[in-house]
Amino acid sequence: MMQVFEIASFVFASALRMSSPLIFAALGGIMSERSGVINISLEGKMLVGAFAAAVVTYYFHSPVLGLLGGALAGFILASIYSLFVISFKSNQIVTGTAINILAAGIVPLISQALFQNTGSTPEIPMADRFTQFPIILSWVSVVLIWAWFRYSPFGLWHQFAGEHPYALQTSGVDVISTRWCGVLSSGIFAGLGGATLSICLSSNFTRNMTAGRGFMALAALIVGRWRPMTAAVACIFFGLFDAVGITLQGLTLPQPDFDSALLNNFVKFFISTQFVQIIPYLLTVIAVAGFVGRSRPPKALGIPFLKNR
Amino acid sequence: MGLRVLWFVFLMCFSLTVEAYSPRVCLILDKGGKDDKAFNQAAYEGFARALKNLPVSQDSKFVTVREDSQATQFARTFSSGNCDLIIAVGFNNADVAHKLSESFPNQKYVVVDATYASSNIRSLSFQDHEGAFLMGAIAAIKTKSLQVGFIGGMEIPLMQRYQTGFEAGVKYINPKINVVSSFVGLTASAWNNPAKAKEIALSMYQRGVDIIYAPAGASSLGVFDAVQQVTKSGLDHCFVIGTDFNQNYMVPGHVLTSLIKKVDVQVYNSIQQFINHNMQTGLVKLSFKENALDWALDRFNSGLYSKNEIQRINDIKKKITEGRIQVPDFYRSGHSLSQPSSKL
């Protein structure tokens, strides 16, 4: 029993660790999408964030500067993105994909120039890395964003830019700059998520180390219905399934012992690691299909704002 | 004017006949890229050395595949008379090269980590299971908790070949030792996910595993990180076993050993043989005997072994070489020896 408790607490700690980059990225997604701009470039922003954080921490031996560096890198990439999608009104999905590809390419290029190595940055010693701070910060940001949406007028403007931008314009608020703020802060959060990955959860940057987390965050965002709290809970769930999957591998579970072989195989299928690993994606598909309540995107999501309509 | 052109043509012919044969070599790397700290990097290093030391055409080039579908494009372009020798690294690229080799019977290929027996393919097949067997034996000799771990990258036959070999090696020393096996993931991103590999390793160490063998590409960096972390938090008998390169230096004193896989040497030798027109095609099995695999013993880890243990390990290595130990090969048997198990 004691051991079960120990394993459970370890699984939960592991889930907390693994979900914190997702939470940051999901917050980034919320900031951008609630203001009406689709953001599938979270992956790319995380990647540059992870890289910049690793580089800055390596050179300055300060994880705090590293975190800021990661945020700044995400900010810069986001400003390119918003220049195209908000000011030039280009297609948001296509531009987002382009940003992802740009990030995947520019990182090895800079890495080659700095370290003569396109694969990974040099190892950062343990003393120069965070152990918990980014994880705590991720939850603090969730609460802050939640309060900001709920209690501040700016948060309200932000939501209106995504729901009904012309109403916002009528009330005298500049929609364009509201959206710019949304996308830029999205870059900062995604960059922080990447930084968490490289200077807290690992010891350096390795090529494509985000491994699809940007897209997972997007899924969490949809499951969480574009709300910070629920999205964060969805992230924790994703992390939990990951952690359970890890723990299940190699554990002997009591073998199912029914009379029918079919039933035995059926039970085995549902407790297999592979099945546990697909649950988050399955959940996303179900959520998008609208089975678990309605997941409604902001009304003006993906529609460029034309000032003189 | 005419005379001058004639003179030029004459010179051209002359230079062509005198110039030594300098083939154009094309290298197709798998997704990890040239700095993946694993076999892609090793293959690239062999290629780069050949470019420097051998009379290889300076037009030789290397490409990195980003999507599986790209491999066919690259290989086909190179096969259509562009290159004299094509080196395809990795499972997918080798497969593509094999398919194309039938359409281009005069094109010569070298594939790394594959087992094709065609007349125009040189298949460098490293007997990874034998190497993993030795790693398993070393882990079994050194474990105190009687629990050892295995973390593979992407769950593909190659990794399962490592896993079966490793398990067999552990059981060879002591059948009672528990082997906990895990894979980072089911997609290609499993090779580049150190954060997840670290979590897996932490979970293993926390459950009492004291030695982990991690052939997981760049993800294995996470395991090295995990061993540092658990050591700092008080568990002092935790080790990791490196792979592909000598990684003993990475966490001095906590890397038990590394399985050195000399892909670079083999790639270099293949190019050299190709230039000398004596490249042997078909399946080329490479193991301890050919000095293509070895375990790393240097100043970083020699303090961890007693003389007897070193003797014993070398004995096992010798027995594998002489065929007195038959290591189970996943490619032949197609299934794992025993299911990994441990008690809750």
Side-chain angles (χ1 to χ4, degrees), chain A residues 3-4 6-7 9-11 13-15 17-18 20-21 50 101 104-105 108 111-112 115-121 123-127 129 131 196-198 200-213 239 242-243 245-255 273-274 277-278, chain B residues 31-38 40-41 64 66 147 149-151 155 178-204 206-209 217-222 224-226 228-229 231-233 250-251 339-344:
Chain A
Q3 244 184 331
V4 172
E6 225 173 74
I7 289 178
S9 66
F10 183 84
V11 165
S14 174
R17 284 195 294 265
M18 299 233 275
S20 66
I101 298 172
S111 179
Q112 173 71 30
F115 307 112
Q116 285 74 51
N117 187 329
T118 58
S120 52
T121 61
E123 192 115 348
I124 302 161
M126 271 193 93
R129 277 186 266 147
T131 46
T196 310
L197 207 55
S198 67
C200 175
L201 301 181
S202 347
S203 54
N204 60 354
F205 172 87
T206 56
R207 192 190 185 114
N208 296 343
M209 75 182 306
T210 46
R213 282 180 180 86
D242 237 1
I246 285 171
T247 317
L248 269 182
Q249 281 188 327
L251 267 188
T252 334
L253 297 158
Q255 286 298 310
T273 325
Q274 285 81 0
Q277 282 178 350
I278 64 166
Chain B
K31 274 158 252 147
K34 76 176 176 71
D35 293 305
D36 68 345
K37 293 206 161 100
N40 283 309
Q41 180 170 356
T64 305
R66 306 226 178 272
Q147 289 203 74
F150 174 91
I151 300 178
E155 201 168 345
N178 226 334
V179 182
V180 182
S181 293
S182 204
F183 293 93
V184 177
L186 305 168
T187 55
S189 67
W191 303 114
N192 290 312
N193 200 343
K196 182 157 183 205
K198 184 181 174 187
E199 285 300 329
I200 297 174
L202 286 176
S203 134
M204 282 186 179
Q206 185 256 350
R207 272 160 50 189
V209 167
S219 295
S220 65
L221 294 173
F224 286 90
D225 193 19
Q228 264 179 300
Q229 188 168 323
T231 305
K232 201 182 162 202
S233 68
M250 286 180 59
V251 192
Q339 286 300 314
S341 59
S342 74
K343 287 189 190 69
L344 186 66

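Labels below follow one simple rule: chain letters A, B, ... track the order of the sequence lines, proteins then strands, and each chain is numbered from 1.
Considering only heavy atoms from C-beta on, A:M126 stays 4.5 Å or farther from B:T231 through its side chain. In this structure, B:K34 and A:Q112 have side chains that are in contact, with non-hydrogen atoms separated by less than 4.5 Å. With contacts defined as side-chain heavy-atom distances shorter than 4.5 Å, the pair B:W191/A:N208 does not qualify. Residues A:F10 and B:S203 form a side-chain contact, since some pair of their non-hydrogen atoms from C-beta on lies under 4.5 Å apart.
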**Prompt:** Checking side-chain contact (heavy atoms from CB on, under 4.5 Å) for the pair B:V251/A:E123: CA distance, chi angles, key distance, verdict?
**Reply:** CA-CA 11 Å; B:V251 192; A:E123 192 115 348; 5.9 Å; no
**Request:** Check step by step if side-chain contact (heavy atoms from CB on, under 4.5 Å) holds for B:K196 and A:M209.
**Result:** CA-CA 10 Å; B:K196 182 157 183 205; A:M209 75 182 306; over 6 Å; no
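Nearest heavy atoms, A:R213 versus B:A195: NH2-CB, 3.7 Å. Here the closest non-hydrogen pair linking B:N193 and A:A211 is ND2-CB, 3.6 Å.
Of the two parts of A:T206, only the side chain, counted from C-beta on, holds a non-hydrogen atom closer than 4.5 Å to a non-hydrogen atom of chain B.
With A:S14 as the partner, the side-chain hydrogen bond (donor to acceptor under 3.5 Å, both in side chains) test is satisfied by one option alone out of B:K198, B:Q206, B:E199: B:E199.
When each of A:T131, A:L197, A:N117 is scored by its heavy-atom pairs under 4.5 Å with chain B, the top score falls to A:N117. The candidate with the highest count of non-hydrogen atom pairs below 4.5 Å against chain A, out of B:M204, B:K232, B:M250, B:Q229, is B:Q229. Listed options A:S203, A:C200, A:G245 were ranked by heavy-atom pairs under 4.5 angstrom with chain B; first place goes to A:S203.
In this structure, A:F205 CZ and B:N192 CG are separated by 9.0 Å, a value rounded to the nearest 0.5 Å.
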